[in-house]
Visitor: 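Here's a structure for you.
Since this is a predicted model, take the numbers as computed values, not measurements.
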Amino acid sequence: MKIDIYLLVSYFLCLTSAVLVDEAFGSREAVNYLYGGDLKNFHLLKDNILVVTNSNDQLLGIDVVNDDAIAWKIQLSGLKNSKLVATESRLFVYGSSSEAVQVDSHGNLEIIELGSVPKKIYGTKNGALIIDSESNLKYFDNDNVVPVQSDVSFVRVDQVLGHTYAIINDKKMIKLSKTGQVLFSIDLAVGSIKEFRAGIILTENDQIFKFNEHDRAFKRIENDSFKNLVIIDGNSLYSTLSEALQLIRIKDKVATLVDVIKVKPNSKAELFSTPLHEFIGITNGNIKDFYDLTDFIETKDAKSIKHFVFKSAEDFPYNFVTVEGSQLSLLSINTKLFGELFSLSDGLKVKNIAPKYHQYSSKKDKYLIIDEPESELAKNEYELILHESESNFILTNWVHRVVRHLSELGKFVTSLDYKNLFGQSDESIKFVKLVVFYDEDHHKLVSVQSNDFDIAWELPIAKGGEFITLEQTGDEEVTALFKSLVVKVDSRNGTVIDQKPNDGGYTNIFKVQDALALENKHGITLVGNLSQSAFFRRAVNNDELVGYVISPGSTKSVQTWSFKFDGPILSWANIPADSTTSSLGLPLADKSVLYKYLNPNTISALTLKDGVLKFYLIDGVTGNLLYTQAHNSAETIDPKSVSLVMDDNWIIYSYFTTQPRLEQRINVIDLFDAEYSSTAHKSSINIARISTKSFVYPERILKLQSTKSVYGITLKSIIALTELGNLIEIPKFILNSRRPENDANRANYANDFNMVPYDPIIAKTNFQVLNHKYQLKNNGEILIKPTAFESTSVICFFNSENQYCGLIQPSNSFDLLSQGFDKVKLLITIAILLVGFIVSKPFVFNKKLNAQWLDRK
């Protein structure tokens with residue numbers, strides 16, 4: 001009875017920590033959209049959308065208050081040489097073409113046909129004024145482009161009470177309707193104009209002229225005292241002096257001093273306007289004095305001016321007045337989108353502004369995905385267990401084990417979240433991978449966590465010269481190769497283990513057994529010892545493959561073979577070193593076995609000469625040609641579209657044809673040894689059987705990759721990166737060269753998993769798209785790493801614009817609980833059964849005892 005109760009209680013406790021898919025990985029997928037280079041041309045539109053340009057000819061809309069998240073991104077050709085004009089709600093982009101682009105805060109784009117090249121665009125509340133290369137002034141009202149006047153060199157635009165006024169060539173002012181019709185015009189003779197705003201003209205010698213709508217004329221305002229004037233509104237101005245700022249009101253056609261604000265020398269004064277508010281900001285380093293003039297404009301009383309002092313972390317170059325929620329705020333930000341948000345109602349800091357994710361990337365698209373190293377706590381626990389097993393005293397081992405178990409139980413009980421006991425744990429178990437790469441712009445070796453893109457560690461390396469490559473060269477070691485430096489780094493914390501000069505001119509690094517291999521133009525040099533011979537191959541001269549071998553006890557490679565192709569190599573590959581295979585063959589319907597050709601040293605290569613694509617299969621140990629095939633010479637193939645992947649006993653390559661038709665092809669080659677009726681099998685050197693098929697996919701493919709798992713039990717899938725930036729999962733059983741040409745019989749269905757008749761067209765469905773929630777740029781590196789669960793691997797896609805990570809389960813989550821698993825009901829059921837077992841146990845015992853008594857009647 002005690003044993004039964006113990007087993008039930010143990011099972012009950014185990015189920016409380018059963019792993020759900022979402023609990024095991026936190027989020028099934030996440031993306032980090034990068035800004036993409038230096039950010040310029042900062043403009044804040046409504047809804048707190050900060051519009052900037054980057055070095056990739058892209059226009060970015062960034063929700064700057066909410067984690068600097070990219071709301072939209074638009075690729076515009078020639079954006080670096082274009083001009084930008086912003087209004088409150090939209091942005092105009094124009095350059096050397098006869099078209100202009102209008103973008104609103106939601107990223108909606110509209111092409112404006114101007115009919116001629118624009119020389120200057122001025123944004124208005126309802127549209128834009130445009131001066132073209134032929135000096136014609138036009139008005140755009142969001143629907144039509146209306147001609148206004150010819151022979152226009154420049155204009156000054158003013159928006160007053162929803163009306164648009166424009167001073168043309170500083171000689172004439174016109175008033176425009178919402179549709180661009182000229183309502184009236186007046187001639188001007190006011191001298192050299194410095195500023196036109198709020199119905200006031202300010203000249204270079206600080207003469208003031210105020211517009212009278214009734215008389216349709218500008219009246220001179222007397223000003224003999226104030227210089228360096230700036231217009232605030234239709235009745236207020238300010239004057240900047242070396243150590244003071246003078247507030248001025250227009251009263252009875254005279255400029256009158258109202259108040260004096262003292263400022264520190266070398267301070268910068270700036271006017272901030274909104275439809276309902278006016279502010280003057282005075283900046284001196286990281287100190288900002290803000291004066292709210294809104295009440296002053298209404299009351300004309302200087303005492304109504306509100307004064308706030310903001311002390312920011314740094315002297316932020318960009319400052320905007322915006323609305324966050326219902327609160328008027330000051331946004332201060334730098335070119336890296338770090339900043340602060342201050343309240344303009346009480347002067348307090350609302351929040352810090354910072355990008356949610358890092359902005360590191362590799363220009364060379366050299367990314368490495370590795371397992372997250374074990375924590376020091378876990379390593380100490382393993383060492384403690386090993387120490388217990390090394391002791392020869394049974395009693396001592398038992399005491400140590402009991403103490404350790406009691407300690408672990410205490411930690412479990414104290415850390416248990418009783419509120420979430422029957423729900424998801426706040427600290428869910430996560431199988432995190434690390435993506436390691438070198439950022440050339442920041443000169444840092446960076447490690448990023450795959451689940452949330454948090455920085456695991458970063459290591460500055462600025463004196464290594466040009467970055468070449470990096471590789472995992474130990475369980476907890478990454479080696480980065482630079483033109484003048486070789487650096488070994490601890491992948492746990494990013495500390496340098498060892499570094500030395502790259503005096504051998506090495507161009508590649510990789511791990512061979514437990515040794516580090518360095519490659520240069522002369523061959524391969526080993527750092528360490530080998531227990532058995534290791535074979536290598538590399539491409540040279542763009543049309544030749546060379547094989548090398550390093551024998552045990554040697555540190556230098558020896559060339560063993562060379563294979564010269566008749567055309568340039570487009571792509572070549574071999575079976576990855578971490579590839580695992582769980583099955584040696586395919587059991588057939590007649591109880592025989594079709595054995596796979598499993599030779600880890602085979603090399604696949606694709607060449608293109610005179611328009612003919614050729615495939616080669618070569619033995620990597622001997623250099624012998626095992627198989628070759630040539631494609632139809634009538635097909636015109638795009639060389640940049642060729643991609644190749646091989647694993648297990650198969651090779652898959654893709655290419656795009658432009659003649660005789662536009663078509664994306666996928667070719668599959670499966671290799672087999674022979675078919676035997678017994679289970680005894682010996683791997684042969686020659687391939688006994690080769691099966692091929694060709695498929696057509698409806699979208700252009702740029703790259704291919706194969707999925708991986710810990711034990712190779714999970715079905716294989718092919719991951720294809722398409723031209724539209726989609727990661728497509730195509731199961732290998734779809735790309736099966738043994739699919740029958742005609743209707744499949746019963747034996748065909750029994751021979752292969754999910755066998756269906758051959759159809760050359762692979763239909764695209766939304767279920768194939770892995771990144772269905774996120775849009776990705778179509779260049780980068782596909783990274784796949786198995787997790788501790790056989791069913792599930794982590795897939796990442798990194799480039800300089802977006803970084804995506806998610807989970808892939810080609811055979812579904814057979815070793816993980818699904819999201820629909822009702823944990824609470826199961827626990828309640830087990831609890832009821834446990835209570836029922838305990839309550840019924842005495843009755844069962846009495847019944848058995850009574851059955852032993854003899855009835856003597």
Side-chain angles (χ1 to χ4, degrees), residues 17-34 66-70 354-362 367-378 415 417 420 423-437 439 444-458 472 475-476 478 491-494 705 707-710 714 719 727 729 769-776 780-799 801-810 812-813 815-819:
S17 60
V19 180
L20 295 170
V21 176
D22 289 346
E23 287 182 344
F25 300 96
S27 175
R28 295 185 67 93
E29 56 183 345
V31 71
N32 174 21
Y33 289 117
L34 303 179
N66 296 316
D67 298 323
D68 286 339
I70 295 179
K356 181 178 180 180
Y357 299 123
H358 70 90
Q359 291 296 309
Y360 295 125
S361 66
S362 170
Y367 296 95
L368 176 67
I369 185 167
I370 63 175
D371 291 317
E372 188 177 39
E374 294 176 345
S375 64
E376 289 293 338
L377 179 61
S415 64
D417 186 357
N420 295 314
Q424 288 190 352
S425 173
D426 288 338
E427 295 185 7
S428 57
I429 304 172
K430 297 177 182 178
F431 292 84
V432 181
K433 305 301 175 185
L434 298 182
V435 180
V436 185
F437 55 92
D439 186 300
K444 287 183 179 180
L445 194 64
V446 182
S447 176
V448 177
Q449 295 179 351
S450 63
N451 62 323
D452 54 12
F453 302 108
D454 280 351
I455 300 295
W457 51 262
E458 49 188 294
Q472 185 174 14
D475 293 337
E476 296 180 354
V478 171
S491 60
R492 183 188 296 104
N493 50 29
Q705 186 61 272
T707 60
K708 302 170 186 176
S709 60
V710 179
T714 302
I719 307 300
L727 292 174
E729 179 186 2
V769 182
L770 299 178
N771 58 306
H772 57 280
K773 292 196 299 183
Y774 304 107
Q775 183 178 3
L776 303 179
E781 190 72 18
I782 305 173
L783 308 168
I784 299 177
K785 192 74 173 178
T787 68
F789 290 102
E790 168 62 22
S791 67
T792 310
S793 296
V794 174
I795 179 170
C796 293
F797 178 75
F798 273 52
N799 59 28
E801 294 190 34
N802 37 239
Q803 299 173 352
Y804 165 85
C805 282
L807 304 179
I808 184 169
Q809 298 170 325
N812 296 325
S813 56
D815 53 355
L816 286 165
L817 299 179
S818 65
Q819 189 175 6

Visitor: Nearest 0.5 Å, please: how far is SG in C796 from CD1 in I784?
Guide: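 So the CD1 of I784 and the SG of C796 are separated by 9.5 Å.
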Visitor: Is it the case that the side chain of Y367 and the backbone of V435 share a donor-acceptor pair, with hydrogens and angles ignored and the cut-off at 3.5 Å?
Guide: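 No; zero donor-acceptor contacts below 3.5 Å.
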Visitor: Could you check whether any side-chain N or O of D439 sits under 3.5 Å from a backbone N or O of S361, counting only pairs where one atom can act as donor and the other as acceptor?
Guide: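 Present.
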Visitor: Would you give the length of the straight line joining atom CD1 of I795 to atom NZ of K785, rounded to the nearest 0.5 angstrom?
Guide: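 Rounded to the nearest 0.5 Å, the CD1-NZ separation comes out at 14.5 Å.
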Visitor: How long is the straight-line distance from CG of L445 back to OG of S362, given to the nearest 0.5 Å?
Guide: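 Here the rounded value is 10.0 Å.
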Visitor: Of all heavy-atom pairs between P810 and T707, which one has the smallest distance, and what is that distance?
Guide: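 Reported closest heavy-atom pair: CG-OG1, 4.1 Å.
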Visitor: To the nearest 0.5 angstrom, please state how far the CG atom of L783 sits from the CD1 atom of I719.
Guide: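 If I round to the nearest 0.5 Å, the distance is 12.0 Å.
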Visitor: If you measure from CG on N32 to CZ on F798, what distance do you get to the nearest 0.5 Å?
Guide: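 Nearest 0.5 Å value for the CG-CZ distance: 7.5 Å.
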Visitor: Answer yes if the side chains of H358 and E458 hold a donor-acceptor pair under 3.5 Å, and no otherwise.
Guide: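 Distance-only check fails for H358 and E458.
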Visitor: Name all residues meeting the side chain to side chain donor-acceptor pair (under 3.5 Å) criterion together with T714; count only those two or more places apart in sequence or in a different chain, and write none if there are none.
Guide: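 T714 satisfies side chain to side chain donor-acceptor pair (under 3.5 Å) with E790 once adjacent residues are dropped.
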Visitor: By ring pair (Phe, Tyr, Trp, His ring centres under 6.0 Å), which residues pair with Y357, not counting sequence neighbours?
Guide: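 Ring pair (Phe, Tyr, Trp, His ring centres under 6.0 Å) list for Y357, sorted by chain: F453.
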Visitor: Please list, chain by chain and in numerical order, all residues satisfying ring pair (Phe, Tyr, Trp, His ring centres under 6.0 Å) with F797, sequence neighbours excluded.
Guide: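 Applying ring pair (Phe, Tyr, Trp, His ring centres under 6.0 Å) to F797 gives none.
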Visitor: Quick one: does I455's side chain get under 4.5 Å of V446's, heavy atoms only?
Guide: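 Sidechains of V446 and I455: in contact.
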Visitor: Of the non-hydrogen atoms in S450 and C805, which two are nearest, and what is the gap between them?
Guide: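 Between these two residues, the closest heavy atoms are O-CB, 3.1 Å.
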Visitor: A side-chain contact here means heavy atoms from C-beta on lying under 4.5 Å apart; do V769 and L727 qualify?
Guide: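 Sidechains of L727 and V769: no contact.
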Visitor: If you compare all heavy atoms of F431 against all heavy atoms of A788, which two are closest, and at what distance to 0.1 Å?
Guide: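 F431 and A788 have their closest heavy atoms at CE2-CB, 3.4 Å.
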Visitor: What pair of heavy atoms forms the shortest contact from W457 to R492, and how long is it?
Guide: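 Shortest heavy-atom separation between W457 and R492 comes out as CD1-O, 3.8 Å.
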Visitor: Does the side chain of T792 come under 3.5 Å of the side chain of Q809 through a donor N or O and an acceptor N or O?
Guide: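 Distance-only check passes for T792 and Q809.
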Visitor: Quick one: pull up CG in L34 and CG in N799 and give me the separation to the nearest 0.5 Å.
Guide: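 The distance works out to 7.5 Å.
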Visitor: Only counting residues at least two apart or in another chain, list the ones meeting ring pair (Phe, Tyr, Trp, His ring centres under 6.0 Å) with Y804.
Guide: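 Y804 satisfies ring pair (Phe, Tyr, Trp, His ring centres under 6.0 Å) with no other residue.
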Visitor: State, yes or no, whether a side-chain contact exists between I370 and S447 at a heavy-atom distance under 4.5 Å.
Guide: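 I370 vs S447: side chains apart.
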Visitor: List in chain and number order the residues that pass side chain to side chain donor-acceptor pair (under 3.5 Å) with N771, two or more places apart in sequence or in another chain; answer none if no residue qualifies.
Guide: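 Once residues adjacent in sequence are excluded, N771 has no partner under the side chain to side chain donor-acceptor pair (under 3.5 Å) criterion.
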Visitor: Using every non-hydrogen atom in the two residues, find where V478 and S491 come nearest and quote the distance to one decimal.
Guide: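 That closest heavy-atom pairing would be CG2-CB, 4.1 Å.
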Visitor: Only counting residues at least two apart or in another chain, list the ones meeting side chain to side chain donor-acceptor pair (under 3.5 Å) with E729.
Guide: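 Side chain to side chain donor-acceptor pair (under 3.5 Å) list for E729, sorted by chain: S717.
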Visitor: Go through it in stages, so that I can follow the logic: the residues are V31 and Q775, the test is side chain to side chain contact (heavy atoms under 4.5 Å, CB included), and I'd like the CA-CA distance, side-chain angles, deciding distance and then a yes or no.
Guide: CA-CA 9 Å; V31 71; Q775 183 178 3; over 6 Å; no
Visitor: Taking all non-hydrogen atoms of both residues into account, name the closest pair between D452 and Q449 and its distance.
Guide: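 So the two residues come closest at OD1-OE1, 3.3 Å.
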